There are 2 protein chains.
Amino acid sequence: MSNSERAFNALGDPTRRMIFEKLRDRPLAVVHIAEGLQVSRPAVSQHLKVLREAKLISINQQGTKNIYQINQEGILAMRNYLDKFWDTALAAFKLAAEQTEKENE
Amino acid sequence: MSNSERAFNALGDPTRRMIFEKLRDRPLAVVHIAEGLQVSRPAVSQHLKVLREAKLISINQQGTKNIYQINQEGILAMRNYLDKFWDTALAAFKLAAEQTEKENE
DNA sequence: CATTAATTTAATGTTAATATTAAATTGGCC
DNA sequence: GGCCAATTTAATATTAACATTAAATTAATG
């Protein structure tokens with residue numbers, strides 16, 4: 001499975017998106033990531049694992065604390081994936097708008 | 001729920017990603033979308049609905065045929081979402097790399 | 001206008017993802 | 001070394017997403 005696939009899978013879950021967004025401004029320890037979230041600590045750990053495998057975040061062990069931070073690699077993978085749609089989708093859109101009356105196979 | 005949230009939910013599923021990718025180059029009727037996919041026609045319909053609600057595709061009724069095509073709106077929503085991470089994540093990364101030895105709150 | 005084709009809607013089953021609780025690990029600290 | 005704090009791993013329960021089959025809709029076609 002590719003990085004972009006893993007990334008889309010990962011951000012498909014709302015709780016994981018919240019975690020991801022929490023890390024946007026600054027790296028955080030798990031204690032602080034879990035704050036405000038309505039799920040248990042182990043659940044947070046599992047989500048972090050999924051995000052990490054998708055290269056959307058990376059870990060930075062600091063003694064007994066695990067500091068997580070955004071990893072650009074996963075974000076880049078998604079951007080590239082979406083960019084492949086950008087131009088061709090635009091072209092397809094124009095084409096479709098013009099040939100509305102033509103038969104569609 | 002925002003468009004970007006709906007879009008991430010939608011593309012979190014591998015079958016929906018396949019459908020989305022099939023439409024990348026050209027609009028297609030459901031018959032052709034379903035070709036090659038390992039799921040039933042009704043399942044495809046359900047997936048199309050989710051993608052449509054996420055503004056990732058749009059419909060174009062042609063008699064009894066429903067032609068689907070990429071909709072940039074949802075893609076744009078995801079792009080914007082990811083872009084918000086882009087710069088700040090880079091900054092956070094640099095910051096973290098530099099202050100590895102500093103205590104983390 | 002009955003029939004066929006294309007697709008969706010509805011009802012429901014099944015599986016996989018997400019959640020929980022309990023136990024294990026790891027490292028700092030007195 | 002014993003203890004506490006932070007986090008993860010393991011085992012398992014629960015929920016929700018995805019699937020299916022059957023019926024309904026809609027429009028073209030003979």
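So that the names make sense, note that chain A is the first sequence line, chain B the second, and so on, each numbered from 1. Every value quoted in this text rests on a predicted model; they were computed, and no experiment measured them.
- Distance CZ/A:R16 to NZ/A:K49: 12.0 Å, rounded to 0.5 Å.
- B:L37 and B:V50 fall into different hydrophobic clusters, where Ile, Leu, Val, Met, Phe, Trp and Tyr side chains are chained together by heavy-atom contacts under 4.5 Å.
- Separating the CD1 atom of B:I67 from the P atom of C:dA5 is a distance of 18 Å, rounded to the nearest angstrom.
- The side chain of B:R16 contributes an N or O atom lying less than 4.0 Å from OP1 or OP2 of D:dC18.
- For A:M18 and C:dT18, the CE to C1' distance is 16 Å, given to the nearest whole Å.
- Checking B:E53, B:M78, B:K55 one by one against B:N3, the side-chain contact (heavy atoms from CB on, under 4.5 Å) holds for a single residue, B:K55.
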Summary of protein contacts for nucleotides 19-30 of chain C, nucleotide by nucleotide, where a base hit scores B, a sugar-phosphate-only hit scores S (4.0 Å, heavy atoms): BBBB----SS--
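- Atom pair B:L51:CG and C:dT7:P shows a separation of 16 Å (rounding to whole Å applied).
- One atom, CD1 of A:I59, and another, P of D:dA6, lie 16 Å apart when rounded to the nearest Å.
- Residue A:L51 comes nearest to A:A10 through the heavy atom pair CD2-CB, 4.1 Å, listed as atom of the first residue, atom of the second, then distance.
- For the pair A:Y68 and D:dA6, the criterion of a side-chain N or O lying under 4.0 Å from OP1 or OP2 is not met.
- Counting to the nearest Å, the P atom of D:dT8 and the CZ atom of A:R52 are 8 Å from each other.
- Across the protein-nucleic acid pair, A:N9 atom CG and C:dA17 atom C1' stand 11 Å apart, rounded to whole Å.
- In this structure, A:L48 places its CG atom 10 Å from P of D:dT7, rounding to the nearest Å.
- Rounded to whole Å, the distance from CG on B:N66 to P on C:dA5 is 17 Å.
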